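Below, all heavy atoms of this structure are taken into account, side chains as well, without hydrogens, waters or symmetry copies. For clarity, every value in this text was computed on a predicted model and none was experimentally measured. Read the numbers this way: they start at 1 and go in the same order the structure lists the ligands and their atoms.
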Amino acid sequence: MKFSIFHLLPVLLSVAGAYRYPIPATFNVLSYGALPNRITDNTKAFLRAWNDACEHHGGGRVWIPRGMYMLDSVVFVGPCKGPVDFVIKGSLEASSNPSKFFIDHWIAFKYVDQLTVGGGGYLLGHGGAGWHYNDCATNSRCRPLPVTMRFDFVTNSRISHIRSVNSKNAHFNLFACHNFNMTNIRISAPADSPNTDGIHIGSSTMIKIQDSIISTGDDCISILSGSRDILVTGVHCGPGHGFSIGSLGGSHNKENVTGIVIRNSTLIGTQNGLRIKTWAPSLPSLASDIMFDDIIMVNVNNPIFIDQQYCPQPPCNRRAQSNVQIRNVTFRKVRGTSSSKFAVKIQCSKHVPCKGINLVNINLAYRGPEGLVASSCLNVLGKSYGPQLPSGCL
Ligand SMILES: *[C@@H]1O[C@H](CO)[C@@H](O)[C@H](O)[C@H]1NC(C)=O
Ligand SMILES: *[C@@H]1O[C@H](CO)[C@@H](O)[C@H](O)[C@H]1NC(C)=O
Ligand SMILES: *[C@@H]1O[C@H](CO)[C@@H](O)[C@H](O)[C@H]1NC(C)=O
Ligand SMILES: *[C@@H]1O[C@H](CO)[C@@H](O)[C@H](O)[C@H]1NC(C)=O
């Protein structure tokens, strides 16, 4: 017989019933004076509940019952004396007051091990009140706005069944996290909301994002320098700017990115599909061992796109070259429709041409005024295998 946790469950439950362990002690924010009236700031009550849960030997549970809670920016700091569950049944609402905007987080967790965030609740970022401040395309005095939920140095943790709506900046930001799973996350913000990345990952290892729906104004998922062993599977993206590795090689980005798998996912009406972007000129680094597999696209503007001349704002120096080496990248079973003629664009650096790029079973159709679907390759070494539409340029 295969032995699993399910066989142990009755034993665990009866032990828990008898000794009230390992079920963690519960710290209800209402007992700390939280008022779900949409007006009162609940930062103090939440922090006190967090501190008690965090200090509780054997673990604690912060419990946020149904209701709508105003919450200013807050940091929940560890290390804690045991695992902490942060259960959001209600809706947390960010401030719409501009004097509270210019800080890097709304809700942050730092230095926590074995954190679980869940409960089916909502994070309402009220981004509409601030988007014009961080739109650098239209506002030269743009300033960064708070990320809805930041995880910094959070390890062996997970977040599931949370909805984030209208963040002011990115919805979720993971920095220096390790062994962190995200499942059943729903993210939404309008297609034209600036800088509202869905999930932004940097300097993190062993991250898994699964079975989630992301509709937003910027990248659905972006994976930045220093990230390793990242798996994305069963994610629906759109609208948004697609799945992005990079931008790499910028001023604070000299670490490598390696071991990325993006699989069994769908992109609908996005600006990009599967993209690797690096600055030019750039610091040297490496992006390698990247697999995009089993991807469906519907009306995606740049379905397969390696861009080593990434420059979103002028002035751009078109003669500068990137020093980020891109190596061992496979696009496999990528199918659907492109909304532009060049469904495959692989534009690598003259200094460090891409190596080991594989296109396997690609089927991307284009029906539009620009004629037949096409591919374009620059400074790239690679191979194609199996049927290719557009016909390969490798
Ligand atoms: C994340 O998921 C993987 C694979 O499903 C599992 O092995 C790992 O223990 C999970 N990590 C956490 C912290 O839940
Ligand atoms: C693919 O993702 C969907 C969710 O979008 C999930 O229901 C399905 O089980 C996944 N299939 C595989 C083979 O992982
Ligand atoms: C990045 O990878 C290159 C090539 O494998 C290696 O020489 C370099 O040390 C790595 N950089 C970092 C910061 O790990
Ligand atoms: C290329 O990357 C894949 C993962 O995408 C890895 O399994 C494989 O070992 C790598 N190949 C080389 C030659 O490094």
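Close contacts between ligand 4 and M291 involve ligand atoms 5 (O) [criterion: under 4.0 Å to a heavy atom]. The contact set between ligand 1 and K208, taken as ligand atoms under 4.0 Å from a residue heavy atom, comprises 2 (O), 3 (C), 4 (C), 5 (O). Using a 4.0 Å cut-off to heavy atoms of R158, the atoms of ligand 1 that qualify are 14 (O).
In this structure, the side chains of R332 and N358 stay at 4.5 Å or more apart for every pair of heavy atoms.
Side chains of Y122 and R163: a donor-acceptor N/O pair is present below 3.5 angstrom, by distance only. In this structure, a donor-acceptor pair under 3.5 Å is absent between the side chains of S215 and S188. Donor-acceptor pairing under 3.5 Å is lacking for the side chains of T233 and Q210. At a cut-off of 3.5 Å, with distance as the only test, no side-chain donor of N97 or S95 sits close to an acceptor on the other residue.
For ligand 2, the 4.0 Å heavy-atom shell takes in D211, G234, N264, ordered by chain and residue number.
For N156, every heavy-atom contact with ligand 1 shorter than 4.0 Å involves the backbone, none the side chain.
A cation-pi arrangement is present between R143 and F102, with the terminal nitrogen or guanidinium carbon under 6.0 Å from the aromatic centre and inside a 45° cone about the axis. Taking the ring centre of F305 as origin, the terminal cationic atom of K345 falls inside the region bounded by 6.0 Å and 45° from the ring axis.
Residues passing the side chain to side chain contact (heavy atoms under 4.5 Å, CB included) test with R38, sequence neighbours excluded: M68, E93.
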